[in-house]
Amino acid sequence: MRVETPREKYAKEVFGLNEDAGLTRIKAAMDQHPLHFMSVSPAEARMLQFLVRGFGVKRIVEVGTLFGYSALCMALALPDDGRLITLEKSPEHHAGAREMFRQLPAGSKIEALCGDALELLPTIEGKGPFDMVFIDADKGGYVKYLDWAEKNVRKGGLIVGDNTFLFGALWSQSEDRDIGAKQIQIMTEFNERLADRSLYNSIIIPTHQGMTVAQKL
Ligand code: SAH
Ligand code: MG
């Protein structure tokens, strides 16, 4: 996570995740890792919880676990019989996440699978249709993940994508990284497909990184 802006700090303090002491402790441990900035921010995590609660979500698929912060936050918002399957390619990240999931009761709602999401997704189709798919892995894979999500999310369910401003590369030279034309084309297609009002009730929430939220009609 970047350094918090005052508005994010205010949002976190008033509408934040402070109600769960276990989560706060786990987050502090995760923040020791150099890659922790890839995780959603507490304000974005709150947004995900808002969606889970508000749309009656019970079955979630997450693409891109990292150390499990977003998964744990969504699991906390799920009802007792809710389930979340999270997919992670890196064995190191997957192992770190499992360790975190063991430490909180909400972790028992999570099934963490290790492997390339493109290979794992077809193997979990039988557990669907799902109420929500949260896409937060390699940006070059977003259209393929969307193809899968479109088929495996129920009518009225949600498809959510993080980092959908592609680090600013969709409107200018990326601020902080080298983004190729192929990735730009992929994220453009991802957003344009979800912006189609005949198929989705949708929005791109202008968080720092951009979060596309689409309800399948
Ligand atoms: N959702 C997490 C952050 C995910 S960061 C959170 O907010 O806490 C993106 C993760 O996607 C990284 O851990 C990376 O290893 C993983 N990833 C990248 N390509 C992947 C793929 N093809 N399949 C599964 N996971 C992948
Ligand atoms: Mg992200």
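Computed from a prediction, not measured in an experiment: that's the story for all the values here. Just follow the structure's listing: the first ligand is 1, and inside any ligand the first atom is 1.
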Are there any protein N or O atoms under 3.5 Å from the N or O atoms of ligand 1? List them with distances, or say none.
{"from": "ligand 1", "atom 1": "1 (N)", "to": "Gly64", "atom 2": "O", "distance (Å)": "2.9"}
{"from": "ligand 1", "atom 1": "1 (N)", "to": "Ser70", "atom 2": "OG", "distance (Å)": "2.8"}
{"from": "ligand 1", "atom 1": "1 (N)", "to": "Asp136", "atom 2": "OD2", "distance (Å)": "2.8"}
{"from": "ligand 1", "atom 1": "7 (O)", "to": "Val40", "atom 2": "N", "distance (Å)": "2.8"}
{"from": "ligand 1", "atom 1": "7 (O)", "to": "Ser70", "atom 2": "OG", "distance (Å)": "3.2"}
{"from": "ligand 1", "atom 1": "7 (O)", "to": "Asp136", "atom 2": "OD2", "distance (Å)": "3.4"}
{"from": "ligand 1", "atom 1": "8 (O)", "to": "Ser39", "atom 2": "OG", "distance (Å)": "2.8"}
{"from": "ligand 1", "atom 1": "8 (O)", "to": "Ser70", "atom 2": "N", "distance (Å)": "3.3"}
{"from": "ligand 1", "atom 1": "8 (O)", "to": "Ser70", "atom 2": "OG", "distance (Å)": "3.3"}
{"from": "ligand 1", "atom 1": "13 (O)", "to": "Glu88", "atom 2": "OE1", "distance (Å)": "2.7"}
{"from": "ligand 1", "atom 1": "13 (O)", "to": "Glu88", "atom 2": "OE2", "distance (Å)": "3.2"}
{"from": "ligand 1", "atom 1": "13 (O)", "to": "His93", "atom 2": "ND1", "distance (Å)": "2.8"}
{"from": "ligand 1", "atom 1": "15 (O)", "to": "Glu88", "atom 2": "OE2", "distance (Å)": "2.6"}
{"from": "ligand 1", "atom 1": "15 (O)", "to": "His93", "atom 2": "ND1", "distance (Å)": "3.4"}
{"from": "ligand 1", "atom 1": "19 (N)", "to": "Asp138", "atom 2": "OD1", "distance (Å)": "3.1"}
{"from": "ligand 1", "atom 1": "22 (N)", "to": "Asp116", "atom 2": "OD1", "distance (Å)": "3.3"}
{"from": "ligand 1", "atom 1": "22 (N)", "to": "Asp138", "atom 2": "OD1", "distance (Å)": "3.4"}
{"from": "ligand 1", "atom 1": "22 (N)", "to": "Tyr145", "atom 2": "OH", "distance (Å)": "3.2"}
{"from": "ligand 1", "atom 1": "23 (N)", "to": "Ala117", "atom 2": "N", "distance (Å)": "2.9"}
{"from": "ligand 1", "atom 1": "25 (N)", "to": "Lys89", "atom 2": "N", "distance (Å)": "3.1"}

With sequence neighbours excluded, residues passing side-chain contact (heavy atoms from CB on, under 4.5 Å) with Lys182: Gln185, Ile186
Is the side chain of Glu88 donor-acceptor paired with the backbone N or O of Cys114 at a distance under 3.5 Å, no angle test? no
Tell me how many protein N, O or S atoms are closer than 2.8 Å to the Mg ion (ligand 2). 3
Just by distance, with hydrogens left out, do Tyr200 and Glu150 show a side-chain donor and acceptor under 3.5 Å apart? yes
Is there a donor-acceptor contact under 3.5 Å linking the side chains of Ser70 and Glu62? yes
I'd like to know if the side chain of Glu99 pairs up with that of His94 as donor and acceptor (distance under 3.5 Å, no hydrogens or angles considered). no
Take Phe67 and His33, measure what ring-ring contact (aromatic ring centres under 6.0 Å, His included) needs, and give me the verdict at the end. CA-CA 9 Å; Phe67 305 124; His33 195 284; 4.5 Å; yes
Modelled atom types, side-chain donor and acceptor of Asp138 and Tyr145, under 3.5 Å: yes
Salt-bridge contact Arg59-Asp131 (side-chain N to carboxylate O under 4.0 Å): yes
Under the side-chain contact (heavy atoms from CB on, under 4.5 Å) rule, collect the residues that match up with Arg25, sequence neighbours excluded. Gln103
